There are 2 protein chains.
Amino acid sequence: MQKPSIPKGTRDFSPEEMANRNYIFNTIKSVFQLYGFRQIETPAQENLSTLMGKYGEEGDKLLFKILNSGDFAGGVADEEWAAKNSVKLTSKISEKGLRYDLTVPFARYVVQHRDQITFPFKRYQIQPVWRADRPQKGRYREFYQCDADVVGSNSLVNEAELLQMIDEVFHRLSINVTIKLNNRKILAGIAEIIGQSDKIVDITVAIDKLDKIGLDNVNAELIEKGIPQNAIDRLQPVLLLQGSNADKLTTLKTVLAASETGLKGVEELETIFDLVSLTQVATTIELDLTLARGLNYYTGAIIEVKANDVQIGSISGGGRYDNLTGVFGMDGVSGVGISFGADRIYDVLNQLNGFPAMSEENTRLLFINFGDKEQRFCLPLLKAVRAAGINAEIFPEAAKIKKQMSYADSKKIPFVAIVGENEINANAIMLKNMTSGEQQLVPVDELVDKMNAQ
Amino acid sequence: MQKPSIPKGTRDFSPEEMANRNYIFNTIKSVFQLYGFRQIETPAQENLSTLMGKYGEEGDKLLFKILNSGDFAGGVADEEWAAKNSVKLTSKISEKGLRYDLTVPFARYVVQHRDQITFPFKRYQIQPVWRADRPQKGRYREFYQCDADVVGSNSLVNEAELLQMIDEVFHRLSINVTIKLNNRKILAGIAEIIGQSDKIVDITVAIDKLDKIGLDNVNAELIEKGIPQNAIDRLQPVLLLQGSNADKLTTLKTVLAASETGLKGVEELETIFDLVSLTQVATTIELDLTLARGLNYYTGAIIEVKANDVQIGSISGGGRYDNLTGVFGMDGVSGVGISFGADRIYDVLNQLNGFPAMSEENTRLLFINFGDKEQRFCLPLLKAVRAAGINAEIFPEAAKIKKQMSYADSKKIPFVAIVGENEINANAIMLKNMTSGEQQLVPVDELVDKMNAQ
């Protein structure tokens with residue numbers, strides 16, 4: 001007999017885990033909706049022609065590919081088959097793959113449904129994605145992404161709204177975070193003014209290490225990367241940038257005076273900070289030039305969110321991109337979006353003991369079952385309790401009371417109704433508070449009010 | 001440039017469709033929770049060893065199989081490779097498949113986590129499943145299943161609860177339905193008393209045609225199937241069964257007097273009808289001997305739900321089964337469950353115009369954007385409206401008013417806030433009801449109350 005298991009890197013979610021996960025997803029969904037974003041869903045399987053070449057060579061390898069149905073081998077020429085080259089054969093025996101992220105399917109969706117979409121299109125999407133990554137701690141082969149994007153609007157109001165949404169989500173989840181903000185145009189401007197536009201990635205990677213390895217080592221690394229000394233000298237004010245966001249922006253304006261792109265980036269950040277200030281965002285937003293996520297993708301604002309009280313990678317991030325849909329033949333669709341990392345947020349809340357003690361989805365009242373007669377008495381009561389919107393159940397058989405009580409314990413049901421002969425005669429139920437142990441005789445017609453008052 | 005498309009048999013869901021689908025899913029989820037069921041999720045991919053052989057030969061073919069990562073061909077012996085036999089090669093180059101239903105993964109889950117589960121285990125699961133079926137109208141290669149099961153309890157209270165849940169779900173969705181109820185033991189009893197236990201399927205199929213082809217033709221078909229005339233004669237009272245559920249059960253008790261199994265089935269149905277009557281289920285529940293779904297699977301009650309006002313197959317169904325987990329080496333776990341067909345329920349509501357006119361997820365107020373100054377005035381108001389829990393947004397740029405208004409129309413946003421110079425001077429907003437066209441000047445500090453009163 002086989003011992004059942006699941007593929008490595010995948011997970012089952014128990015009722016307790018699902019209640020906690022739903023707490024996160026529902027919070028994010030509510031905020032997305034509060035800000036006017038609407039949900040779409042796309043199929044788990046996409047044509048490989050949609051997916052291939054969108055995530056780099058490594059990404060192509062990490063796509064899960066679906067074997068064609070039927071006689072997949074029969075369709076391959078004998079010569080090609082005999083070569084036994086897995087890479088070349090893949091496209092012959094597989095036409096579909098599992099979604100790798102939500103961005104490419106969204107781009108495909110926008111192009112395919114362009115005639116039905118009213119722009120700006122504010123969409124959110126919460127679905128699993130699959131990657132044939134080597135499984136390791138905190139990295140899974142199936143995980144959910146929670147994305148919200150606005151496409152078809154260049155207004156920086158969108159950036160400000162996304163920052164507010166991040167503030168609101170983590171406020172509701174009671175997680176202290178810092179939002180880090182950067183702008184691709186500023187990074188490009190810095191590279192430009194030191195005459196090293198092609199070295200933008202090397203420069204940003206070096207800047208990123210400042211905290212860890214110190215200024216001298218960063219400068220040494222820049223030389224190693226082939227950046228001339230005079231350029232490195234001109235980079236020093238940027239590396240030494242300090243003070244408030246306004247201070248930093250003032251310095252940058254001087255440093256970047258000769259770069260139109262750089263100044264545009266500074267101006268964009270000024271506008272975003274100004275718009276955000278109008279809505280009293282409580283979260284600290286910090287201009288951070290070391291932020292370089294998705295550098296080949298983002299063209300304006302870059303956003304990253306760090307938990308203040310837990311050591312973990314970024315728990316949310318996003319930015320502004322141009323030309324989301326160009327690869328599918330529809331130019332000029334720019335957008336800005338954010339993504340919440342549900343698995344990391346889960347880990348953060350777990351470490352902070354931040355999940356609600358009692359999920360709203362939980363059963364609140366269990367009727368103990370003493371037998372047929374008592375069951376007949378309880379079923380209409382159970383119906384009434386449920387009609388009042390209270391999640392409730394009856395133990396389905398007259399098992400030993402100990403078993404029934406431990407069932408209530410394991411499901412963390414806070415109240416138990418004990419109804420025996422005495423209670424039936426008194427037309428009442430004995431209501432037991434499972435936390436305090438307190439018991440109280442409650443007349444039948446007061447049960448709903450009593451439960452609602454708890 | 002490629003024209004983007006999705007694999008046949010799969011679907012994108014637009015915001016409008018998602019709002020309607022969420023209405024269905026949320027209704028079902030709420031009822032599941034009201035009755036003490038808790039959610040689990042299992043991975044999309046299961047080991048093929050878990051899936052193969054569980055759905056018959058045809059099912060094995062309809063499983064979507066994932067191509068192994070890396071050099072899948074390299075792992076296959078040259079001789080085997082040269083044979084080019086797709087069926088035999090599948091297991092060599094594919095180890096995982098996509099979930100085909102929620103039942104087998106649930107059985108696998110129960111066995112794998114048996115030590116963490118407290119029985120009876122009331123779980124629900126709402127996830128997509130995938131089948132490489134030939135796509136046709138109403139049949140998709142990716143669709144959601146919504147299952148609730150109780151395992152580890154033989155009590156008929158569970159059957160009664162599931163019937164109440166069906167009643168509650170369709171009541172909430174305002175769909176008139178009839179629940180059809182049967183019992184596998186009665187069918188077995190009928191076959192037994194006419195001495196044709198091995199012909200139970202043929203007999204049930206014939207009974208099923210009674211309405212369509214009439215009694216004479218049914219009897220003719222039974223003869224054709226090799227059932228002797230004297231057995232067919234003894235079957236006549238069953239074929240002619242009429243009257244109330246109680247009448248039918250009374251007749252069956254006489255007819256099935258010689259079959260212990262048959263009488264047990266009658267007794268079970270009597271108990272279920274009795275338990276249901278205690279909770280005033282509004283839906284008509286009809287004893288229907290022609291109900292034979294999942295005959296190789298169900299061992300007790302069989303449940304099917306039909307929409308009264310729309311011509312469509314069953315929109316929900318389920319039953320009692322023994323030994324869910326035997327195939328994974330854990331015997332003695334029986335259970336009973338129901339499944340809601342979300343796609344068909346969607347079609348029914350569509351035909352009945354039964355979706356809510358306005359989704360709760362929808363934006364309720366749009367601020368028209370006249371430019372920087374007006375935007376600065378509106379953003380704090382927008383923040384206040386949202387803080388009151390009202391889904392709201394601002395058009396992100398000062399586009400032409402016509403464009404902004406048609407944006408509101410296309411998103412079915414019921415109220416629009418028009419704020420120009422005059423309104424700013426009056427510290428008020430012009431609130432326009434998009435349905436009636438009525439406009440009203442509302443002082444800024446009354447806006448939230450005004451919106452809440454709508």
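This is a predicted model, so every value here is computed, not measured. A, B, ... follow the sequence lines: proteins, then strands. Residue 1 opens every chain. Computed from heavy atoms alone, side chains included, the values below leave out hydrogens, waters and symmetry copies.
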Honestly, the part of B:L63 sitting under 4.5 Å from a heavy atom of chain A is neither
Highest number of heavy-atom pairs under 4.5 Å with chain B: which of A:F13, A:Y35, A:F119? A:Y35
Parallel, tilted or perpendicular: which describes the rings of A:W130 and B:W130, with under 30° parallel and over 60° perpendicular? perpendicular
Between A:F37 and A:M165, does the side-chain contact (heavy atoms from CB on, under 4.5 Å) criterion hold? Intermediate values first, please. CA-CA 11 Å; A:F37 288 75; A:M165 288 161 68; 3.5 Å; yes
Least distance between heavy atoms, A:C378 atom then A:I394 atom: CB-CD1, 4.0 Å
Top contributor to chain A interface from B:K61, B:R123, B:K122, B:Q116 [non-hydrogen pairs under 4.5 Å]: B:K122
Should we count CD of B:E95 as having more than 12 external heavy atoms under 6.0 Å? no
Counting heavy-atom pairs closer than 4.5 Å to chain B, which one of A:Q375, A:R108, A:H113 comes out on top? A:R108
From the list B:S5, B:S94, B:S410, the residue making the most non-hydrogen contacts under 4.5 Å with chain A is B:S5
Report the option among B:G36, B:A73, B:P43 that has the most heavy-atom pairs separated by less than 4.5 Å from atoms of chain A. B:P43
Trace of the side-chain contact (heavy atoms from CB on, under 4.5 Å) decision for B:T42 with B:F106: CA-CA 8 Å; B:T42 62; B:F106 176 50; over 6 Å; no
Can you tell which of A:M18, A:K403, A:K383 has the highest number of heavy-atom pairs within less than 4.5 Å of chain B? A:M18
Heavy-atom distances under 4.5 Å only: say whether A:N362 touches chain B with side chain, backbone, both or neither. side chain
So for B:S155, is it side chain, backbone, both, or neither that comes closer than 4.5 Å to the heavy atoms of chain A? both
Using a strict threshold of under 4.0 Å (side-chain N to carboxylate O), is an ion pair present between A:K411 and A:E393? yes
Cut-off 4.5 Å, heavy atoms of chain B, and the answer for A:S359 is neither
Contacting region of A:E17 [heavy-atom separation from chain B under 4.5 Å]: neither
Out of B:V385, B:L275, B:D274, return the one with the most heavy atom pairs under 4.5 angstrom to chain A. B:D274
Would you say that A:Q112 contacts B:I6 through its side chain, given a criterion of any heavy-atom pair below 4.5 Å between the two side chains? yes
Is it true that A:E41 and B:R11 make a salt bridge, defined as a side-chain N closer than 4.0 Å to a carboxylate O? no
Heavy atoms, side chains only, cut-off 4.5 Å: are B:Q164 and A:R386 in contact? yes
For chain B, which of A:L62, A:L382, A:L98 has the most heavy-atom pairs under 4.5 Å? A:L98
Among A:A398, A:P380, A:A392, residue most engaged with chain B (heavy-atom pairs, under 4.5 Å): A:A392
Answer key: most heavy-atom pairs under 4.5 Å with chain A among B:N22, B:L365, B:L34 is B:L34
B:F395 vs B:Y407 aromatic rings, parallel, tilted or perpendicular, using cut-offs 30° and 60°? perpendicular
Chain A heavy atoms under 4.5 Å from B:S14: which part of the residue, side chain, backbone, both or neither? both
Any heavy-atom pair between the side chains of B:E161 and B:V157 that's under 4.5 Å? yes
What option among B:K65, B:K29, B:Q39 has the most heavy-atom pairs under 4.5 Å with chain A? B:Q39
Measure A:R141 against the heavy atoms of chain B and call it side chain, backbone, both or neither at under 4.5 Å. side chain
With a 4.5 angstrom heavy-atom cut-off, is it the side chain or the backbone of B:N85 that approaches chain A, or both, or neither? neither
So do the side chains of A:V150 and A:F121 get within less than 4.5 Å of each other, counting heavy atoms only? no
Under 4.5 Å from any heavy atom of chain A, what part of B:Q45 do you find: side chain, backbone, both or neither? both
Find the one option among A:S406, A:G74, A:A44, A:A384 whose heavy-atom pairs under 4.5 Å with chain B are most numerous. A:A44
Check each atom of B:K96 against the heavy atoms of chain A and say whether the ones under 4.5 Å are side chain, backbone, both or neither. side chain
